[in-house]
Amino acid sequence: MEEIIELLKSDPQKAIETIKAKSIKKASDIENYIKEYKDFDRSQRDQQIEVIQKDKPLEGGTVSRMVKIYINHAQNIAETLAAFVIGKPITLIPSEDNDLSKLVKQIWRVNRIDSKLLEATIVKFSQTQVAMQFYIVDAGETSLLNKVLEFMKLKKQAKEIKAKVLDNTKGIMTPYFDSSGDMKLFMWEYKSKEGDKEVANVQIWNETNMIHLKDLAQFANLPHGFDRIPIVYDSQDEPIWYTVKSPIDRHEVAMSKLGDANDYSGHPILVTEGQVNGMPTKEESGKHFNVPITLGGDDGKTVIKGGVSFLEATTAPESNRLELDKLEDIIAYGSGVPNLSLDKLKALGNVAEKTVKLMFIATDIKAALKQSAARTFIERCVNVILSGVTKTTNIGTATIGKSLYYDIQFNSILPSDISETVTYLKSAVEGKFVSKKTAIGLIDLVDDQEGEIKQIELENKVTEVIPPAL
């Protein structure tokens, strides 16, 4: 690592290429994922509509535009699964309740880490890689964190920790791993505007410092204030929707072809007899076919005329509907994301909580498989925050920080029947199957279970002291 750092001073371009050689991702692949996900680029595979539904040039320089229907399956799958993994704010459970754990909770809240985690999960699912950057800035007079700390009667800070999500629409990220799989460097390349000039920036983090290069010329090497690389990185092999990319492509093509067929035969057609003036294009809603009539034959009196008709399979509507329905089922089965169209939901009517959960069991399974990586990502975020607090922003908490660790609890976004849950938990608490703290946590109406228990006990004591009215 030291060789690369020294090389950055003498030959930065070579050092950057050395780091890139260790990249586990191709920038061109990620660019294509983003184009398909955000820009509806459908020209990357032979089965996609841009390849199959090609516009046709006509006489006179005009073009017959083919119908192309883009369906947001990719966004729906990525966003829905991300919401099931981490859509509802997680619960951080500290091993100890002390000033450091209270401070971490406020840093988490002020930086809106829960919403950033959801954003990061969507980026990972759609782009295959993501990173969360933590950095330390001066805490000004208007610092929201200091206002919160003052309210909690905790000591104000001169510096505070901030966080942001890095994604590939804003730059290029390159982690540098050693043979053991540990990240030793992280490089982030992006462009910025300084006046009218566009500047190429390269930032490289190691365990202690952050190196910043501008246009490969200006070199800055400054401590970042953490005891580890303040970047939490995660990746996966391919976008989350790639398991069902084939039926997705076919669904869009089938819908587009159906649209084309309707453009030709789905509107009124007027047939006249006489001299032909030309075939109308399919873009016209109402069509007029003009059939020529001529006299011929040996006697010159035989009427000769053309005809217009559509060749149509009698089972076509049912066959088309069956294919479209089956494709939707295959996409839902393969991705784990059910069809939640308004018509489908209306058909359900009023269903019990257990039924709703069974409907989403496949989605829950997919989300549970992804929560293992998400848990590691969150734990690393917590550890980076702890390292920044104990090393830079609140050095006095270093001692209590040695024994502080966190458990991560994921929470479901599915709606629940509160009355049913309360009735069940009431019986469980009275039967001593679960504790009051666990029951309050399962109801999920409050963040501070301990405080809620104390409040309940206080209200019960007040009720015992004050006799009921006669």
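- For the pair Ile69/Ile49, no side-chain contact is recorded, criterion being any heavy-atom separation below 4.5 Å from C-beta on.
- Side-chain contact, Asp182 with Ser180: no donor N or O sits under 3.5 Å from an acceptor N or O.
- Residues satisfying the side-chain contact (heavy atoms from CB on, under 4.5 Å) test with Ile400, not counting sequence neighbours, are Asn98, Leu100, Thr397.
- The shortest heavy-atom contact between Leu404 and Pro94 is CD1-CB, 4.0 Å.
- Judged by distance alone, the side chains of His212 and Asn201 do bring a donor and an acceptor atom under 3.5 Å apart.
- Applying the salt bridge (charged side-chain N to carboxylate O under 4.0 Å, His left out) rule to Glu189 yields the partners Lys20; only residues at least two apart in sequence or on another chain are considered.
- Checked against ring-ring contact (aromatic ring centres under 6.0 Å, His included), Tyr242 has the following partners two or more places apart in sequence or in another chain: Tyr33.
- Look at Lys68 and Asp260 and you find no salt bridge, because none of the NZ, NE, NH1 or NH2 atoms lies under 4.0 Å from a carboxylate O.
- Between the side chains of Gln129 and Tyr233, at least one donor-acceptor pair of N or O atoms lies under 3.5 Å.
- Panel note: side chain Lys193, backbone Val199; no donor-acceptor pair is recorded below 3.5 Å.
- In terms of modelled atom types and a separation under 3.5 Å, the side chain of Lys159 and the main chain of Val137 share no donor-acceptor contact.
- Contact between Ile408 and Ile378 at its shortest, heavy atoms only, is CD1-CG2, 3.7 Å.
- Just one of His224, Lys164, Glu160 meets the side-chain contact (heavy atoms from CB on, under 4.5 Å) condition when paired with Tyr135; it is Lys164.
- Gln157 and Asn146 are not linked by any side-chain donor-acceptor pair at a separation below 3.5 angstrom, with hydrogens and angles left out of the test.
- Screening residues 219-237 for salt bridge (Lys or Arg N to Asp or Glu O under 4.0 Å), with sequence neighbours left out, gives Lys124-Asp234.
- A side-chain donor-acceptor contact under 3.5 Å links Gln48 to the backbone of Gln44.
- In this structure, Lys184 fails the cation-pi test against Tyr176, since its NZ or CZ atom is not both closer than 6.0 Å to the six-membered ring centre and inside 45 degrees of the ring normal.
- Annotation for Arg45: atom CZ counts as buried by contact number, over 12 foreign heavy atoms lying within 6.0 Å.
- Sorted by first and then second residue, the pairs that involve residues 83-102 and meet ring pair (Phe, Tyr, Trp, His ring centres under 6.0 Å), not counting sequence neighbours, are Phe84-Phe360.
- Contacts of Tyr37 classified as ring-ring contact (aromatic ring centres under 6.0 Å, His included), with partners at least two apart in sequence or in another chain: Trp241.
- Taken from CD1 in Ile385 to CD1 in Ile161, the straight-line distance is 6.0 Å, to the nearest 0.5 Å.
- Between the CD atom of Gln203 and the CD1 atom of Ile231 there is a distance of 8.0 Å, given to the nearest 0.5 Å.
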